[in-house]
Amino acid sequence: PGAPAVRNIHMLDGETGWMEGAGGKIWTLDSGGSSRFTSPTTSDLNAVAVVSASDAWAVGAGGTILRYDGSGWSAVASPESQDFWSVKMLSAADGWIVGDGGKIARWNGTSWSGVQSPVSDHLRSVSMPSQSEGWAVGYNGVIARYDGDAWSQATSPTSEVLTGVSCSSAERCLAVGYAGTFLK
């Protein structure tokens with residue numbers, strides 16, 4: 001019953017990473033196991049991305065954005081109030097977030113800002129194989145593509161909710177979703 005305590009995990013290497021989840025809970029992972037970290041929010045956290053041992057991001061309900069600076073987590077100004085569901089960091093100066101209502105935001109090394117989205121469907125996952133290529137997926141089978149300049153809507157072969165996308169290159173992407181949906 002209720003939401004699971006842990007919603008996402010991202011590992012920096014074989015021993016170091018972060019987990020986050022319901023109620024703003026955050027755990028660090030290392031060779032000694034896991035330990036709970038003080039969180040500046042009680043909002044549900046939906047995704048985490050690790051850049052380095054001293055730089056990580058978590059996103060969640062109500063446009064929540066948190067950043068870890070090597071010693072603690074703090075809230076960061078958000079350009080949106082919609083729920084965020086996925087965060088992907090390419091570097092300390094370049095990152096992407098997607099969420100409800102087709103919201104897309106980009107980190108420029110200083111602040112997050114909203115980016116024009118080609119869709120209004122809820123986006124659930126983003127993958128950025130490079131700075132000039134990206135994919136986001138979500139409700140109603142929506143697929144959005146970033147070409148290094150702007151996002152556009154791509155043709156989708158399904159109307160099922162897509163919950164995850166992962167790309168190793170611009171030509172090698174997989175998406176998964178409800179009802180066993182698997183796209184390549």
Side-chain angles (χ1 to χ4, degrees), residues 1-100 103-115 122-131 134-138 162-168 173-177:
V6 177
R7 292 192 174 174
N8 204 305
I9 184 171
H10 188 199
M11 299 301 290
L12 176 62
D13 54 39
E15 295 183 356
T16 308
W18 292 96
M19 297 185 304
E20 49 65 38
K25 293 177 179 70
I26 301 172
W27 296 266
T28 183
L29 304 166
D30 58 32
S31 60
S34 67
S35 49
R36 182 108 176 259
F37 228 85
T38 302
S39 175
T41 187
T42 57
S43 295
D44 290 346
L45 297 173
N46 299 319
V48 62
V50 181
V51 178
S52 70
S54 61
D55 190 8
W57 294 86
V59 299
T64 298
I65 303 174
L66 304 180
R67 185 175 196 183
Y68 178 72
D69 64 5
S71 61
W73 288 88
S74 59
V76 175
S78 177
E80 304 293 343
S81 60
Q82 301 278 359
D83 290 356
F84 287 131
W85 290 94
S86 183
V87 57
K88 175 65 177 174
M89 300 302 295
L90 293 164
S91 70
D94 192 10
W96 294 89
I97 298 173
V98 298
D100 284 355
K103 299 299 183 190
I104 301 172
R106 187 170 194 182
W107 175 252
N108 64 12
T110 305
S111 63
W112 289 96
S113 58
V115 174
H122 299 330
L123 294 171
R124 286 295 178 257
S125 183
V126 63
S127 183
M128 303 296 296
S130 73
Q131 290 182 320
W135 296 90
V137 299
L162 298 173
T163 57
V165 61
S166 182
C167 304
S168 60
C173 293
L174 301 174
V176 296

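Every heavy atom of this structure was used, including side-chain atoms; hydrogens, water molecules and symmetry mates were not.
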Got a salt bridge between D94 and R106, using NZ or NE/NH1/NH2 to carboxylate O under 4.0 Å?
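So D94 pairs with R106 through a salt bridge.
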With heavy-atom distances below 4.5 Å as the criterion, would you say the side chains of [X] and [Y] are in contact?
X	Y	answer
W27	V6	yes
L29	E15	no
R67	D55	yes
L66	T41	yes
L174	S166	no
V176	S125	no
T64	L45	yes

Check: [X] ring centre within less than 6.0 Å of [Y] ring centre:
X	Y	answer
Y68	W18	yes
W57	W112	yes
W135	W96	no

Would you say the side-chain atoms of W85 and D100 include a donor-acceptor pair closer than 3.5 Å?
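Yes - a donor-acceptor pair under 3.5 Å links their side chains.
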Assess the side chains of D69 and S71: does a donor N or O sit below 3.5 Å from an acceptor N or O?
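Yes - a donor-acceptor pair under 3.5 Å links their side chains.
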Among E20, R7, K25, side-chain contact (heavy atoms from CB on, under 4.5 Å) partner for D44:
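When side-chain contact (heavy atoms from CB on, under 4.5 Å) is applied between D44 and each of E20, R7, K25, only R7 qualifies.
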Distance-only, no hydrogens or angles: does the W73 side chain make a donor-acceptor pair with backbone N or O of A56 under 3.5 Å?
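No, the answer is negative, given that no donor and acceptor are paired below the 3.5 Å cut-off.
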Would you confirm whether S81, through its side chain, and G63, through its main-chain N or O, come within 3.5 Å as a donor-acceptor pair?
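No, S81 side chain to G63 backbone: no donor-acceptor pair under 3.5 Å.
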Heavy-atom closest pair, residues N8 and N46:
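In this case the closest contact between N8 and N46 is ND2-O, 3.4 Å.
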